[in-house]
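The structure under discussion appears below in the form of structure tokens.
Side chains included, hydrogens not; waters and symmetry mates left out as well; all remaining heavy atoms used. A note on names: the letters A, B, ... follow the listed sequences, proteins ahead of strands, and every chain is numbered from 1.
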Amino acid sequence: MRNPGGYAVITSPEQARVNFDKFRCDEISAGITEVDTFTCFHCAKVMHVKTKAPMDEVGSMCRNCMKMVCPRCASGPCVPFLKKLELEEKRFQALRSYGLA
Amino acid sequence: MANYTLSNSTGITYGTSCQAMTTTYKSIITVAVGTSNVASGAPSGGVVTVYPPRRGKIYDILVGQPATPADTYLQWDVMRISAAGSSQNTFAGALTSASSLFACDPADGSAIAFISANSSIETNVTAIADLWSVAINQRASYRWVAAPGSELTYPAVSSAGLALRALGAGSYTGQVSATVMFQEQ
């Protein structure tokens, strides 16, 4: 895929089946199998991308932030994961300043 | 930003034997923000001081099964954990006191995160969807490397963290080996 968010390498001495992301099961051949991945911009889930698979099979592109998202987040609102993280940290810092965390 | 490498065989070196797989998940490697009441989580070696939580990122995962080849499979995943308060002490195999040994660059020193390997305690896993998941044949090994900006991140919030877990699905009851590389910011 274009601009992958990572890659996976599976080394198998023989043909085997691999379940990726609890979404799909693929047959891999003996030897080394390489798979591109992307990390969902909304929930940070890592998705393995099947070569030449249509985008609908591996997720979607958010039309707001223009980033790849996983099937779980495809129909949800656009809340980037890093924004969620920042909010969580701000809440923690506030609670801590009150002596509550 | 300091990078650290942690293998569950390191946990064995420090006295926690690798858990044999069963049909329930086992946390193989745990990386989390500690809390000030976790003695082994304090960077000063156990003294409870002003605790500086840090955001962390897992950017490399390697998993495999060191056992006699057979046709069964294992389910691996990374879950968020919420090891609240003192319950974090219930994680077996805490390695934080030895964390100065895990730095990729020895000049970086100790990790501030709470680290454990081969824990058998699963009570603190947040029951939400996994961040990374793969089920592979017992004979296969797997490695995932994140591109910059696509790592698995946990917030700088007390008790938040990530756990790499394995499930001996099928009939696998042997041990597993795993290595995680993470970064503290």
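- Chain B forms the most heavy-atom pairs under 4.5 Å with one residue out of A:Val18, A:Thr11, A:Asp21, A:Thr33, and that residue is A:Thr11.
- A:Glu88 and B:Val157 get closest at one heavy-atom pair: O-CG2, 3.6 Å.
- Options A:Ala8, A:Ser12, A:Cys25 differ in how many heavy-atom pairs under 4.5 Å they form with chain B, and the most are formed by A:Ala8.
- The shortest heavy-atom contact between A:Thr39 and B:Ser150 is OG1-O, 2.8 Å.
- B:Tyr59 and A:Val46 fall into different hydrophobic clusters, defined by Ile, Leu, Val, Met, Phe, Trp and Tyr side-chain heavy atoms under 4.5 Å apart, directly or through other members.
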Item to complete: Decide side-chain contact (heavy atoms from CB on, under 4.5 Å) for B:Trp132 and A:His48; before the verdict, give the C-alpha distance in whole Å, the side-chain angles of both, and the deciding distance to 0.1 Å.
Response: CA-CA 9 Å; B:Trp132 167 88; A:His48 295 78; 4.1 Å; yes

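- At most 12 non-hydrogen atoms from other residues, nucleotides or ligands lie less than 6.0 angstrom from NZ of A:Lys83.
- Options A:Val9, A:Thr37, A:Asn3 differ in how many heavy-atom pairs under 4.5 Å they form with chain B, and the most are formed by A:Val9.
- Proximity to chain B (any heavy atom under 4.5 Å) is shown, for A:Phe38, by neither the backbone nor the side chain.
- For A:Arg17, the part sitting under 4.5 Å from any heavy atom of chain B is the backbone (N, CA, C, O) and nothing else.
- Under the 4.5 Å side-chain heavy-atom criterion for ILVMFWY residues, no single connected hydrophobic cluster contains both A:Leu82 and B:Tyr154.
- Among pairs with a residue in residues 170-185 of chain B, those fulfilling salt bridge (charged side-chain N to carboxylate O under 4.0 Å, His left out) read B:Arg54-B:Glu184, at least two apart in sequence or across chains.
- Follow the hydrophobic side-chain contacts under 4.5 Å out from B:Trp144 and you reach B:Val134 in the same cluster.
- A donor-acceptor pair under 3.5 Å links the side-chain atoms of A:Glu89 to the main chain of B:Ala156, judged by distance alone.
- Between A:Glu86 and B:Arg55, the closest side-chain pair of non-hydrogen atoms falls below 4.5 Å.
- For A:Glu14, the part sitting under 4.5 Å from any heavy atom of chain B is the side chain, from C-beta outward, and nothing else.
- Both A:Val58 and A:Met66 are members of a single hydrophobic cluster when ILVMFWY side chains are connected at heavy-atom separations under 4.5 Å.
- Within a 6.0 Å sphere centred on OH of B:Tyr73, other residues, nucleotides and ligands contribute 12 heavy atoms or fewer.
- B:Ile28 and B:Tyr4 fall within a single hydrophobic cluster, where Ile, Leu, Val, Met, Phe, Trp and Tyr side chains are chained together by heavy-atom contacts under 4.5 Å.
- By number of non-hydrogen pairs under 4.5 angstrom with chain A, the leading residue of B:Gly64, B:Ala147, B:Ala146, B:Ala135 is B:Ala135.
- Considering only heavy-atom pairs separated by less than 4.5 Å from chain A, the leading option among B:Pro69, B:Ala140, B:Gly149, B:Pro155 is B:Pro155.
- Smallest separation of non-hydrogen atoms from B:Thr153 and A:Phe81: O-CZ, 3.8 Å.
- To the nearest 0.5 Å, atoms CG (B:Asn137) and CD1 (A:Ile10) are separated by 11.0 Å.
- Closest non-hydrogen pair, B:Leu131 versus A:Cys43, comes out as CD2-O, 3.5 Å.
- Other residues, nucleotides and ligands place no more than 12 heavy atoms under 6.0 Å from the NZ atom of A:Lys90.
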